[in-house]
Structures are given as structure tokens and as C-alpha cells.
Engineer: 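Here it is, the structure in full.
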Amino acid sequence: MKKMLAVLAVSVLGLTACGETSNTAVPAVPGESKAATDVLANAPVAEAAAILPGSTMEKIKKRGELLVGGSLDAPLLSQQNPATGQVEGFDADLGKALAKYILGEPKVKIVNSASETREALLANGTVDVVFQTYTITEERAKQVAFAGPYYTSGLTIAVKKGTSGITKPEDLNGKKVLAGANTPAIPAIKKLAPQAEIITFGSDPECVQALKQDRGVAYVQDETLLIADAKKDPSLQIVTKPFTVDPYGIGLKHGDDQMKTFVNDWLGKIQGNGVWQGIWKNSIGTVVTGDAPQPPKIGSVPGS
Amino acid sequence: MSVILDHLPELWQGLVVTLQLTAASFLGAAVLGVVVTALRVSPVRVLRAIGTAYVETFQNLPLLVLLVLAVFGLPEIGIQADLLVTAIVVIAVYEAAYIGEALRSGVNAVSKGQGEAARAIGLTFTQSLRHVILPQALRTVVQPLGNIFIALTMNTALAGAVGVIDLTAAANRVNLVEAQPIPIFVGAGLAYALLAACAGFVTGRLEKKLVILR
Amino acid sequence: MSTMLFDEPGPRARRRMRVATVLGALATVALAVLAVRQFAANGQLDAARWQPYATWPMWRYLLTGLGSTALAAVVSAALAMAFGLALGLGRLSPRRWARVPAAGYVEVVRTVPALLLVYVVLFALPRYGLDLPLFWKLVVPLSVSHAASFAEIFRAGILSVERGQSEAGLAVGLTPGRTMRLIVLPQAARRVLPSIVSQSVGLLKDTSLGFVVSYTELLYSSKVLANYNGLLIQTYIVVALVYLVVNMSLSKLARTLEARRRAVLRRRTTRA
């Protein structure tokens, strides 16, 4: 019996050890789609002097890999392509560009993180940076450092084509409204339309399907995602301009000023030489027509 | 603690939904479970096969998958119901497979002589099932049925994944706003434990009352 | 049992049964056809909507997810069984300090939804500095919750071993511990094997809570897939079939084990 238990214990340890590396993180090798590779080819590499001795940057360089906290299921931003295993999108490609800046090559490991645990992941060093629609707030800035903002987005409302009477968030009062579970849409709706009945589903396609099946009359979600949905499905219609302003920041370990300055410098550089715009074009720009928007001014938001 | 008091209306509403889900789906599951048992012991081979296929299918699919499939798939074949109703039906259908199995083992536990005696006095299949076998089978399965009831109560929490705001979903939402997980989740856990304790008490009393000493 | 509830059917009963069979089959087929036609009318059967699941990369992704499901299930099952055995023994122990906490654990945990435990690990523990890797965020609550069920299975198994067995063990001078280990447990383990397999099927089904944790097991993988290709219903149908095949094979295993045990028992009793 003792022997059996020992064997069991060892095999459990062995199993979990390999589970760790192969499942919680998705290794990303450079060279997914041609467009993304072209843009990354122009991405800058930091001068050796910028990698200060003893800094987080040096630690990353020694490791040879950037650990990024992100998602696998955020279309256009950070979505895993099942065919290649690659994580693609605006956030994901920015992560790769930052990795290239530090390492000379875009080697990243995306650690799939639930949004409630990002502060903890940064604090205990599981990830170096977080690229995950991480809205900068003063509340959060007490626990993490924010570089950026690198992008500004906002919530908007989609309805089935032909729905009338919904033109602003306040119109949602007394109606059934769909939202993604655990998304910022829930507190926003509660604030602007306290009488709305919020129905949540786990993912964007589920919310879209629910809207089409009349489970709710409106769907509140990030504008970019809704534009993508409306493009895929002509029966949807977006009825408002974004009614919130969510500046996305790059999450860093709290108090790491060296790294924050370093990342802000990098952000300035890629915005200056068109790499930021190229990455936008390859991801969000595939559904939003027109040129890349003016990136938000670095450090312009309280908390950044 | 004050978090729970501040959000008592939402949490109470969640508890009410959980109670509705539990009561309605257990009732549905009990009725369906009896039908499934009858199918599985029936003389017609096709009916027996249907009964077996039913149990095999629903015991081997995760409830979460069934819920998502039903909520989004059923409207595509023209059956659209309220989310709460859909969840109740799915949970009832799912748990009926377990109740069916429990009842069948109960039927098997009734001694052979009982069935033979029923037949000997000229009762038909339905009559002997209804008047002789099932009443005895039910007594032996009070405890397993109690366990299924507790499991069903726990399983209603999954309805939260398809937009029904039950107790667990309500607790989760309150936590999103208040960020005080310990009191909120412990409170919700206590409510479930209380429900289960009631079920345990009732089955205990029932068992004492119904038990046949052999 | 079922065979003695009705007589060997006569010619008329047989005719009626044939009619019932045909009618039942017809009704089933008609319902199925109606459902499929509606389904097709809504465009859900279009070849383009199913074509991705005829390609290898999608299946490779799903099978990777299935691998993670299996890994999570195996690790949780091992932990839950070890812990459950300890709890089951604790509950049967003559010592109060072991019996009371074990019984308390089983009775409380059995009545708390696994999803609620997942939320505790997901939201509550990180606030107290305990942020587990994703894999453990799924495995820990599953092990905690299923340990209670395994404890009950083991306890029932141990109790089902005739008292004479342990009395005999004690009589030949074995300590209570060795009697349990050498005589009672091996017999109990054999008896509860089918229940353990079916409980493990339940555990494997519960790994679908990875959907909530965002650990890339089968169901969460299908969420990522559906996000990528927008084919919600098709993806979940495919995944449901995968679960069905895997779990049915496991249940079949449980039945085979049970049948073999019965056969062995029968042989023993006839020999005696």
C-alpha cells in the first residue's frame, strides 16, 4: 500500500509538472501571418544601454522570453487561432513587438489569465506584463503600475436590425439587456440604466446568438467587438457612439519605475515609426474602416 | 456580513430562483424518471432500447454542455422558451436519467416472488408495476433519491452559465461590485447547505416511516 | 427481474407489441425529421457551417483540449481518491478526533456546489495572496468536492465486508491497522471498483467547469473555437459527441468490471 501511494504521488507530481508547461501557456513562435511578420520586421530593438543592469528588462532578456498575461478568446485583440495555435490580435501583436524590443526577436509566452487575477499575477511575477484590455483606473493603480495608455475604447450598444426606441444607454431601462459575464458592461449598465434586466452569457458568440434569438433586445459590449460582430452578421446594427471611455494600459509590477519608463519609451517609438498603426491595421483595422486613429497620449490618464 | 445585508434583495431573489429551479426540475425529473424506468423494464424491445439510450446519453454528457446546447440549439428547431424554463427542463431531463437508474435498481431489489405473485393473481404489466413493484421499489430508494435531490440542488448552480440568475450567479455579481468574496460565497454556501440539510432531514424521516422490515 | 413482470406474449399480444413498436418508431422518426428540417431551414445544416469540423487542425485543437480534460480528471481523481480514502477511514475510526472532522467534512462539502468552490478558488483566494496556476484552480475545487463522494464510496465498501473478516484478522494477531490494510481494504476496493469508475465519469464531466476557470480543457477549448469561427451550435454539438464517446467507453468499462466481479462471485459461491 505504501509503495502504491508513493507511486501515485510521484505520478501525480510528474503529470502536473508537464501539465503546467503545456497547458496554461501557449508558446508563440514568430511568423504566423505574413502581414503580421512584415509589421514586426519593422519593429525596433532597444539599444543595449537601455537594458539596465539588475532591471526587469535584463531579467527578461536573460530568460529569453517575455511572459505576457492575456486572453485566448478575445477576437481581434487576443484570440487563439486553433489552426496554428497562434494568438493573434492587437494586444497579442503589441506583446510580440515589446518582446522584440527587449530580446531582438518576438518570443512571447501568453499566460491565459482570468481578469480577476491580473494584479496577483503581476505581483508574484508569474507574468512580466499584461496586455488584456486592462482599463487604467486610479483604484487599480494602487496595486499595479500602468504604462500607456496604448489604446482607447468604449462600450456601445448593438440591436437586431429594425429595433426601434434604443438610441442611448438610458433607453435600456426596463428592457432585457445582454452582456458578457464578468465584463465592465455590467457595472456600466447598472449605472446608466438601473432598471435594465441584465442577462449574461459566457462569450461573445453566445451573446450574439442570444440577441438573434430575442433573449434580450440589446447587447452592450466593447465597440471593436461589436463592429466585428456586425460585420460578420448583417442582421445586427450598432445604435450608439461609445458611451464610456476605457483607456487600456500595459500592466506592470507595482512600483517598477524603470520598466514603466522603458515600456513608455518603446510605446512612443512604435507610435512614431508606424508599427503601432501597422498592428492596428492588421487586427482592429480589418473590421473598422479608415486609417488608424490617433493613439492616446502616453501618461494622459490618472493612474498611468 | 454587512455586504450580505446590503445586497439582501438580489441574493434573496437568487435564492428564490434556485428554489424554483430545484423544486420544478426535481418534480419533472421524478415523473420522467418513472417513465424511463417503466420503459427500461417494459416487454417491448424498442421501448427498452429507448430507455437505455436515454439513460446512457444523459448520464454521459456534462450538464453544462446540455444547457448551452439547449439554450442556443432549441430555438433553431423552433422551440424557444424562457431561459428559466429551458434550464428547468434541461435539468429535469438530465436528472431523470439518474432517477431512472435509482428506481430500476429499486425494482431489481424487490424480491422476485412479488412480481410472480402479482402476475399470478392476474395483474397486467402496468398494474403489477403500479400496485406492487413501484411502491416497494420507492421505499428502498428513498436514500438514493435524497442524494440525487442534493446533487440536483448543487447542479442548479450551472444554470448561471446560461443567463439564469440563481443564487450562485447572484453571489458572483454582488462580488463583482463589492469585491468581498469570503462573506458572499460563504453566505451562499450556507444557504445551499441548509437546503441540503432540509432534504436530508426529510429523507431520513421518510425512510423511517416507509422502511419495510424483512 | 424485468422478465417476470409479464407472461410470454401470446399471438395477440405479440401483434399489439408489433404495432406499438412500429408506431413508437414512426413517431420518433417523424419528430427527428421535423427537428432536422427546422434545423436545416434555419441554415444550421449548411455545409459551410460544418466544413471546419472536417479539417484536421480543428480536431487537433479539440483533441488537445480533450488531453487537458483527461489530465485534469486523472489528477483530480487521484487526489480525491487518496483524500477520500483517508476521510472514509477517518469516519469509521473508533477515535473521536478523527471521526468527527471527517464526518463534518463529508456532510458539508457534499452540500456545496462545485461551481461555488470554483468561485472561491478563483476570486477569494487570490485576495489572500494565494493565486494558483489555472490548472490547479480547476483541480483543487474538483478534488475537494469529489473527495467527499469518494469517502462515502469507500466507507460503504469497507462496511460491506463481512465483520467476520476483520474479526478473523484480529484473531490471528494482526493489529487493527494491518487488518484494515491486508484484509478489509483489498476486498472493499474490489467491491467498490464500479462505483469508483462511475464517480470518475462524474468527475470527468465536472472538468467542464474549466469553462469558468478558462483552463483550456475540452469545453473551454470549444469556447475559444466558437469565438474564432463563430459556429456556436455546431461546435457544441461536436463537443457533446466527443464527451459522449469518451464517457460511454468509461461507463462500459464500469459495467464490464461489475459483470466480471459478479461472475467471480458466482463461481466462488457455486464452488463453496
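Numbered from 1 within each chain, the chains take letters A, B, ... in sequence-line order.
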Engineer: How long is the straight-line distance from OH of Tyr236(C) back to CG of Leu67(B), given to the nearest 0.5 Å?
Structural biologist: 11.5 Å

Engineer: Could you check if a side-chain atom of Asn172(B) sits within less than 4.5 angstrom of a side-chain atom of Phe123(C), using non-hydrogen atoms only?
Structural biologist: yes

Engineer: Would you say Trp50(C) has more than 12 foreign heavy atoms packed within less than 6.0 Å of its CH2?
Structural biologist: yes

Engineer: Check whether any side-chain heavy atom of Tyr192(B) sits under 4.5 Å from a side-chain heavy atom of Val112(C), and report yes or no.
Structural biologist: no

Engineer: Taking CZ in Arg262(C) as the centre, count heavy atoms belonging to other residues, nucleotides or ligands within less than 6.0 Å. Is the count above 12?
Structural biologist: no

Engineer: Does Lys252(C) pair with Glu56(B) as a salt bridge, N-O distance under 4.0 Å?
Structural biologist: no

Engineer: Mind ranking Leu74(B), Asn147(B), Val186(B) by heavy-atom pairs under 4.5 Å with chain C and telling me who comes out on top?
Structural biologist: Asn147(B)

Engineer: For residues Arg37(C) and Ile77(B), determine if any side-chain heavy atom of one lies less than 4.5 Å from a side-chain heavy atom of the other.
Structural biologist: no

Engineer: Please state whether the side chain, the backbone, both or neither of Leu232(C) comes within less than 4.5 Å of a heavy atom of chain B.
Structural biologist: side chain

Engineer: Ile182(B) and Ala124(C): which non-hydrogen atoms are nearest, and at how many Å?
Structural biologist: CD1-CB, 3.9 Å

Engineer: Quick check: closest heavy atoms across Ile233(C) and Gly73(B), and the distance to 0.1 Å?
Structural biologist: CD1-CA, 4.2 Å

Engineer: Would you mind telling me which of Ala199(B), Pro62(B), Ala151(B) has the largest number of heavy-atom pairs within less than 4.5 Å of chain C?
Structural biologist: Pro62(B)

Engineer: Return the minimal non-hydrogen interatomic distance between Ala188(B) and Leu116(C), and the atom names on each side.
Structural biologist: C-CD2, 4.0 Å

Engineer: Let me know if Thr153(B) has heavy atoms under 4.5 Å from chain C in its side chain, its backbone, both or neither.
Structural biologist: neither

Engineer: Please look at Ala157(B) and chain C and tell me whether the side chain, the backbone, both or neither of the residue comes under 4.5 angstrom of a heavy atom of that chain.
Structural biologist: both

Engineer: Would you list the pairs meeting side-chain hydrogen bond (donor to acceptor under 3.5 Å, both in side chains) in which at least one residue belongs to residues 58-80 of chain B, sequence neighbours left out?
Structural biologist: Gln209(A)-Glu76(B), Gln213(A)-Glu76(B), Asn60(B)-Ser251(C), Glu76(B)-Gln44(C)

Engineer: Contact part of Leu244(C) toward chain B, heavy-atom cut-off under 4.5 Å: side chain, backbone, both or neither?
Structural biologist: both

Engineer: For the residue pair Thr168(B) and Tyr119(C), what are the closest heavy atoms and their distance?
Structural biologist: CG2-CE1, 3.4 Å

Engineer: Can you confirm whether Arg49(C) is buried at CZ, in the sense that more than 12 heavy atoms of other residues, nucleotides or ligands lie under 6.0 Å from that atom?
Structural biologist: yes

Engineer: To the nearest 0.5 Å, what is the distance between CG on Leu158(B) and CG on Leu209(C)?
Structural biologist: 6.0 Å

Engineer: Side chain, backbone, both or neither: which part of Phe149(B) has a heavy atom under 4.5 Å from chain C?
Structural biologist: neither

Engineer: Give the interface residues of residues 192-208 of chain C toward chain B, defined by a heavy-atom separation under 4.5 Å.
Structural biologist: Val201(C), Lys205(C), Ser208(C)

Engineer: Name the region of Leu61(B), side chain, backbone, both or neither, that has any atom closer than 4.5 Å to a heavy atom of chain C.
Structural biologist: both

Engineer: Given a strict heavy-atom distance threshold of 4.5 Å, which part of Arg16(C) is in contact with chain B: side chain, backbone, both, or neither?
Structural biologist: neither

Engineer: Any idea which of Thr57(B), Thr156(B), Ile50(B) has the most non-hydrogen atom pairs under 4.5 angstrom with chain C?
Structural biologist: Thr57(B)

Engineer: At their closest point, which heavy atom of Val65(B) faces which heavy atom of Ala240(C), and how far apart are they?
Structural biologist: CG1-CB, 3.8 Å

Engineer: Measure Leu34(C) against the heavy atoms of chain B and call it side chain, backbone, both or neither at under 4.5 Å.
Structural biologist: neither

